[in-house]
Amino acid sequence: MSTSEQYTIMLLMSSVSLATVSRMLPDGSTFMDFVQGLLTGVAIVGMLAGLWMYGKARKSKA
């Protein structure tokens with residue numbers, strides 16, 4: 001496994017972990033809702049970037 005693939009897998013796994021943490025935060029205050037939304041948005045962007053990087057790496061191998 002190349003270094004690029006390792007970075008891609010790490011990005012995907014950390015994005016999934018971030019999404020999980022954002023769903024565990026308690027609801028209630030406006031600030032916590034903002035933090036939860038921010039974490040969810042960052043996780044989604046990370047997942048999309050990871051999938052794009054993975055597809056790009058697989059395409060160049062073929």
- So if you build clusters from Ile, Leu, Val, Met, Phe, Trp, Tyr with side-chain heavy-atom gaps below 4.5 Å, do Met24 and Leu38 land together? no
- Verify the cluster assignment for Leu18 and Val35: are they in a single hydrophobic cluster under the rule of side-chain heavy atoms below 4.5 Å apart? yes
- Item | Least distance between heavy atoms, Thr8 atom then Gly50 atom | CG2-O, 3.3 Å
- Task: Identify the two heavy atoms, one from Leu25 and one from Met32, that lie closest to each other, and give their separation to 0.1 Å.
- Result: CD2-CE, 3.8 Å
- Is the shortest heavy-atom distance from the side chain of Glu5 to the side chain of Met53 under 4.5 Å? no
- Does Tyr7 share a hydrophobic cluster with Met10, counting links as ILVMFWY side-chain heavy atoms below 4.5 Å and allowing steps through other members? no
- Item | Cluster overlap Val42 with Phe31, hydrophobic side-chain contacts below 4.5 Å | yes
- Query: So, for Ser15 and Ala43, which heavy atoms are closest and what is the spacing to 0.1 Å?
  - Reply: O-CB, 3.5 Å
- Note on the structure: Taking every heavy atom of Leu51 against every heavy atom of Leu12, the minimum-distance pair comes out as N-CD2, 3.8 Å
